[in-house]
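Predicted model, so just to flag it, every value in this text is computed and none were measured.
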Amino acid sequence: MTVHLHWFLPTGGDGRTLVDRHAYAPNHVGAALRVRGVRAPDIEYLAQIAKAAEQLGFEAVLTPTGTWCEDAWLTTVALAQHTERLKFLVAFRPGVISPTLAAQMAATYQRVTRGRLLLNVVTGGDSSEQRRFGDRLGHDQRYARTDEFLSVVRGVWRGQPFDFDGAHYRVEGGLTALPPDPVPQIFFGGSSPAAGPVAARHADVYLTWGEPPAQVKEKIDWIRALAEEQGRTVRFGIRLHTISRDASAEAWATANRLLDDLDADTIAAAQTALGRSESVGQQRMLALHGGSRDELEISPNLWAGVGLVRGGAGTALVGSHAEVADRIEEYHALGIEHFVLSGYPHLEEAYWFGEGVIPDLAARGLLSGPSTRAGGGAPLLVASGR
């Protein structure tokens, strides 16, 4: 089992700070240039990141979904024209699109990009965000709907008329006239009791946020046992930020500088907003630091500072290139294959990791194929937001 490395496309904006990057006027992208350290997510900048990721040997890039992001499907299919081998882990919410249409879109995407699609199914843990898209189901109901959604998608991909009669979907004769080739693998995350059985039945890769190794092992054991009951095997991935430098002290200094713009009121407001989330995974992220700037290194080289003000993945691997490689090797030993990484800003941090950590991982025999060399290609898999 080798390590698969993926990067992140900041389609909600990027920057050199953890402070909200959506600080520019909604319909005036140029306003972003007037906010210190904020970069608008225009196609030219995103193409720089995508090209860098491909050159450095990352296999794919994750694109988030939500109110403050560009549409993941449209953005990534455009970026496919700027890259040759890089795959795109497209995040989407099942509740806002027909499963048959989603299956058709995935099939078209595979043909247009010659098989470069991965799917990241995001059920959604914030009811206010869901209501913006007309979805009024509660937390557990959303997972029940995702279960049905993925049953329909997989049925429709068989290329034969498929019928389904469930609580949320009724489909008669659904099919994709030309099924996707290859069939996209499905990445799926969720920490609640309602999420586990859905992952066991449908996920190719179960994706968790970056908790300490002992907690990650508990999740792996949980999902693995549920999958075995279904007669299935699930692979595992983790979503982390990274701050990797030539020396450990330099990396920690960079992490501390990210906190410079955060005053107590900013952190308190962010924690209040994040605390309203129904996502069990988000609550687990918040519990790692408790809203305090003290003792943010919650495990060796695992820093919870990002989660003080940003939702979703709230931890970062911080240290020298060798130390970051050590932590990746530690997670890998638990059963993690896929590492979906990011850093602020995403262009520069891709180079720090790609030129510093990737050669170290290759020297340890943890990589195979194009990730073992900068400028290599990306033969990958196929298959939650942020």
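- Here the CG-CG distance, from L288 to L296, works out to 10.5 Å after rounding to the nearest 0.5 Å.
- F92 and F149 have tilted rings, their planes meeting at an angle from 30° to 60° on a 0 to 90° scale.
- Side chains of D14 and Y45: a donor-acceptor N/O pair is present below 3.5 angstrom, by distance only.
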Exercise answer: donor-acceptor pairs, residues 74-81 side-chain atoms, under 3.5 Å, sequence neighbours excluded:
unit_1 : atom_1 : unit_2 : atom_2 : d
T75    : OG1    : D71    : O      : 2.7
T76    : OG1    : A72    : O      : 2.7
T76    : OG1    : W73    : O      : 3.3
T76    : OG1    : Y109   : OH     : 2.8
Q81    : NE2    : V77    : O      : 3.2

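- Clustering ILVMFWY residues whenever any of their side-chain heavy atoms sit less than 4.5 angstrom apart, transitively, puts V112 in a cluster other than the one holding L178.
- Residue A350 comes nearest to L56 through the heavy atom pair O-CD1, 3.1 Å, listed as atom of the first residue, atom of the second, then distance.
- In this structure a side-chain-to-backbone donor-acceptor pair under 3.5 Å is present from S279 to G281.
- Shown here are the salt bridge (charged side-chain N to carboxylate O under 4.0 Å, His left out) partners of D221, two or more places apart in sequence or in another chain: K217.
- Listed by first and then second residue, the salt bridge (charged side-chain N to carboxylate O under 4.0 Å, His left out) pairs that reach into residues 189-201 are D147-R201, sequence neighbours excluded.
- Residue Q104 places its CD atom among 12 or fewer non-hydrogen atoms of other residues, nucleotides or ligands, all under 6.0 Å distant.
- With sequence neighbours left out, the salt bridge (charged side-chain N to carboxylate O under 4.0 Å, His left out) criterion links R145 to D135.
- Applying the ring-ring contact (aromatic ring centres under 6.0 Å, His included) test to every pair with at least one member in residues 281-302, sequence neighbours left out, gives no pairs at all.
- Cluster annotation: I97 and F88 are assigned to the same hydrophobic cluster (Ile/Leu/Val/Met/Phe/Trp/Tyr, side-chain heavy-atom contacts under 4.5 Å, transitive).
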Notebook entry, point to check: E348 and R39: salt bridge (Lys or Arg N to Asp or Glu O under 4.0 Å), yes or no, with the steps?
Noted result: CA-CA 13 Å; E348 287 91 326; R39 301 174 189 175; 2.8 Å; yes

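- Proximity of a side-chain donor or acceptor of T113 to a complementary backbone N or O of R116 within less than 3.5 Å is detected.
- Side-chain contact between M1 and H332: present, with at least one pair of heavy atoms (C-beta onward) separated by less than 4.5 Å.
- Using cut-offs of 30° and 60° on the angle between ring planes, the pair F58 and W7 is tilted.
- By the ring pair (Phe, Tyr, Trp, His ring centres under 6.0 Å) test, F339 pairs with no residue at all, sequence neighbours left out.
- For the pair L89 and T63, the minimum side-chain heavy-atom distance is 4.5 Å or more.
- Residues forming a ring pair (Phe, Tyr, Trp, His ring centres under 6.0 Å) with F162 (at least two apart in sequence, or on another chain): none.
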Practice item. Report the C-alpha distance between R239 and S342 in whole Å, list the side-chain angles of each, state the deciding distance to 0.1 Å, and finish with yes or no for side-chain hydrogen bond (donor to acceptor under 3.5 Å, both in side chains). Key: CA-CA 8 Å; R239 175 78 181 89; S342 56; 2.9 Å; yes

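- For K87 (side chain) and G115 (main-chain N/O), a donor-acceptor pair under 3.5 Å exists by modelled atom type.
- The salt bridge (charged side-chain N to carboxylate O under 4.0 Å, His left out) analysis of residues 281-293, with sequence neighbours excluded, yields the pairs E211-R284.
- With hydrophobic clusters built from ILVMFWY side chains whose heavy atoms lie under 4.5 angstrom apart, V183 does not share a cluster with L175.
- Between E54 and K51 there is no salt bridge, since no side-chain N of the basic residue sits under 4.0 Å from a carboxylate O of the acidic one.
- R170 CZ: 12 or fewer foreign heavy atoms inside a 6.0 Å radius.
- Through direct or relayed side-chain contacts under 4.5 Å between Ile, Leu, Val, Met, Phe, Trp and Tyr, L274 connects to L286.
- The shortest distance between side-chain heavy atoms of F236 and T208 does not fall below 4.5 Å.
- Checked by atom type and distance alone, the side chain of S292 pairs as donor or acceptor with a backbone atom of D294 at under 3.5 Å.
- Not counting sequence neighbours, the partners of E278 by the salt bridge (charged side-chain N to carboxylate O under 4.0 Å, His left out) test are R142.
- Rounding to the nearest 0.5 Å gives a distance of 8.0 Å between CH2 of W252 and CH2 of W303.
- The pair R245-E349 counts as a salt bridge, with a side-chain nitrogen and a carboxylate oxygen less than 4.0 angstrom apart.
- Here E329 pairs with R364 under the salt bridge (charged side-chain N to carboxylate O under 4.0 Å, His left out) rule; sequence neighbours left out.
- Here the OG atom belonging to S320 is positioned 7.5 Å from the CG atom belonging to D326, to the nearest 0.5 angstrom.
- Put simply, W222 and Y331 are part of the same group of oily side chains (I, L, V, M, F, W, Y) that touch within less than 4.5 Å, one to the next.
- Clustering ILVMFWY residues whenever any of their side-chain heavy atoms sit less than 4.5 angstrom apart, transitively, puts I336 in the very cluster that holds L226.
- Side chains of L334 and I220 form a contact here, defined as non-hydrogen atoms less than 4.5 Å apart.
- Between V122 and F188 the shortest side-chain heavy-atom distance does not fall below 4.5 Å.
- Partners of Q283 under the side-chain hydrogen bond (donor to acceptor under 3.5 Å, both in side chains) rule, at least two apart in sequence or in another chain, do not exist in this structure.
- Put simply, the side chain of R16 never gets that close to the backbone of P345: no donor and acceptor are under 3.5 Å apart.
- Note that NE2 of H6 and CG of L62 are 9.5 Å apart. Values are rounded to the nearest 0.5 Å.
- E228 contributes no side-chain N or O that, together with a main-chain N or O of T233, makes up a donor-acceptor pair within less than 3.5 Å.
- In this pair, H4 and H338 present their aromatic rings parallel. The plane angle is below 30°, not in the 30 to 60° band.
- The closest donor-acceptor contact from the side chain of D204 to the backbone of I186 lies under 3.5 Å.
- Taken to the nearest 0.5 Å, the CD atom of E59 stands 8.5 Å off from the CG atom of L367.
- Between the side chains of R158 and T176, not a single donor N or O lies within less than 3.5 Å of an accepting N or O.
- Closest heavy-atom contact between D246 and W352: OD1-CZ3, 4.0 Å.
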* Yes or no on side-chain contact (heavy atoms from CB on, under 4.5 Å) for V340 and I238, after CA distance, side-chain angles and deciding distance? -> CA-CA 6 Å; V340 184; I238 194 167; over 6 Å; no

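- Donor-acceptor pairing under 3.5 Å is lacking for the side chains of R93 and T146.
- Between the side chain of T315 and the backbone N or O of G210 there is at least one donor-acceptor pair closer than 3.5 Å.
- Two residues are said to be in side-chain contact when any heavy atoms from C-beta on lie closer than 4.5 Å; V61 and I49 fail this criterion.
- Counting heavy atoms from C-beta outward, T100 and V156 have side chains that approach closer than 4.5 Å.
- E70 places no side-chain N or O within 3.5 Å of a backbone atom of P41 that could act as its donor or acceptor partner.
- Taking 4.5 Å as the limit, some side-chain heavy atom of V309 sits within range of a side-chain heavy atom of L262.
- Here the side chain of S299 pairs no donor or acceptor atom with the backbone of L302 at under 3.5 angstrom.
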